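Ligands are counted one by one from 1 in listed order, and the atoms in each one are counted from 1 as well. What you see is a predicted model; the values in this text were computed from it and never measured.
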Amino acid sequence: MGKLWGGRFTGTTDKEVEAFTASLSLDYRLWAADLEGSAAHARALEKAGVLSADERQQIVAALETIGRDLSEATVPVSSGAEDIHSEIEQRLSTLVGGLSGKLHTGRSRNDQVATATRLYLREELEALDGELKSVQAWLAETAAKHLHTLLPGLTHLQHAQPVSLAHHLLAYFWMLQRDRERFADARKRVNRLPLGSAALAGTSYPIDRATVAKDLGFDGVCENSLDAVSDRDFVVEFLSAGSLVLVHLSRLAEEIIMWSTPEFGFITLSDAVTTGSSIMPQKKNPDVAELIRGRVGRLTGSLVGSLTMLKGLPLAYNRDLQEDKVHLFQGVDTVRSCVRLAEICLRGITFHPEKMRQALNGDFSNATDLADYLVRKNLPFREAHEVVGKVVRECLDTGVALESLTVEKLRTFSCLIGDDAIQCLQPENVVAARTTEGGTSPAAVAVQLEKARKALEC
Ligand code: ARG
């Protein structure tokens, strides 16, 4: 079969131009979405009186055959077709002859590709949501086991105040929750039908777009045909939300990497997600976590790439738009594989609660609580801060832990200090005192965990 636009041309296309403009190897993965859109269009054409019932039936059956062939194909298609839409049209003509030409009535590749891209992304969003949820489920399950496992909470990477491991893990739960919400919101704008916009201006055939939208499970139609064929803001939205997923996972990956160092020793990673060194026999490297951290660049690169592609494009379709798939597919593949690998990595973690607890000994992460104690004895917080600062200085000079000081010693800094001060310096009590909603006390975390479980129900 020749080009889709043969009639007007007398010369042939330059081979290099063909190679430059072709996208089949890239957009091949849209085949199922394209077939779905084409079948719906065939049904719409029947209703519009363009196809007879028999013709529609022949076309839909042939599209199903093509679907079976393509799903069984083990080698990539190399027919020389320009893109997956031409490839499918070519196959259709082999199966139903001249009838295949009727399917393109009232349709252009412009609305066809926009429809297929949206159908494809809708599927991917569904799968991604399940994968994110699965990581969240692990975080919640693991948090439930560690309400009383304590470790230093850090600010500026310096020991700040103790927190529970449950609280720490749930921080990531909520990041991923917002990611899922962002995708769900983006889906509303993905799930609109461009078909029926044809090349740019709509079509003169009486195609009932609302019915086609229903047929394909869209929430409605794109309201403006020029906009429908030429905007890819839904791709940008996906890549933006996807970038945030990767940013979140990169933070988690960074902590996995740090926690598995001998200096921290908080976790051991399973052999399944680590690699050795060709020269240093002792090495066990967290490469998977490092690659998750490193792949953020792909997402942000695609995000900027897609924004740049759209900037300044005049209405309506321009071939620049074919580039959307480079970015979209790279984004989809990267986000989905990183989410899956993050889960594999997490499921292989062995926690070392005793090492976490040890890290709290003498680390002064209870200093705020001594100041709070003095505040409860009516000392203004700034003065209390000053007093405790002096205590810390003395501990540092003498190499004694804050929690190991005797009451007598503490009283030399302030006569407000009584026997009960020692109690409030124990990390378990420091944590238990943080009872505000969203705080780290076991009681508050239990409430948080309930909310997390609720969020997992939808
Ligand atoms: N393959 C193109 C794309 O992905 C669709 C073809 C539309 N081409 C055209 N010259 N109008 O955007």
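A 6.0 Å sphere centred on CZ of Arg251 holds no more than 12 heavy atoms belonging to other residues, nucleotides or ligands.
Counting heavy atoms from C-beta outward, Thr115 and His41 have side chains that stay 4.5 Å or more apart.
For Glu82, no nitrogen or oxygen atom sits less than 3.5 Å from a nitrogen or oxygen atom of ligand 1, counting backbone and side chain alike. Considering both main-chain and side-chain atoms, Gln322 comes within under 3.5 Å of ligand 1 through a nitrogen or oxygen pair.
Less than 4.0 angstrom separates some heavy atom of Arg109 from each of these atoms of ligand 1: 6 (C), 7 (C), 8 (N). Atoms of ligand 1 found under 4.0 Å from any heavy atom of Asp83, numbered from 1 in the order shown, are 1 (N), 2 (C), 5 (C), 6 (C). Remark: ligand 1 atoms within the under-4.0 Å shell around heavy atoms of Ser23 are 1 (N).
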Checklist entry - Under the salt bridge (Lys or Arg N to Asp or Glu O under 4.0 Å) criterion, do Glu450 and Arg453 qualify, and how do the steps go? => result CA-CA 5 Å; Glu450 254 336 285; Arg453 287 183 176 134; 3.1 Å; yes
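In this structure, Asn191 contributes its side chain and Gly217 its backbone to a donor-acceptor pair below 3.5 Å.
For atom 4 (O) of ligand 1, the closest non-hydrogen atom of the protein is Lys325 NZ, 2.7 Å. The protein heavy-atom contact nearest to atom 10 (N) of ligand 1 is Arg319 NH1, 3.9 Å. In terms of protein heavy-atom proximity, atom 11 (N) of ligand 1 is nearest to Asn110 OD1, 2.9 Å. Ranking protein heavy atoms by distance to atom 9 (C) of ligand 1, first place goes to Tyr317 CE2, 3.7 Å.
Ring-plane geometry between His168 and Tyr172 is classed as tilted, the angle between the planes lying from 30 to 60 degrees on a 0 to 90 degree scale.
The OG atom of Ser277 lies 7.0 Å from the CG atom of Asn285; values are rounded to the nearest 0.5 Å.
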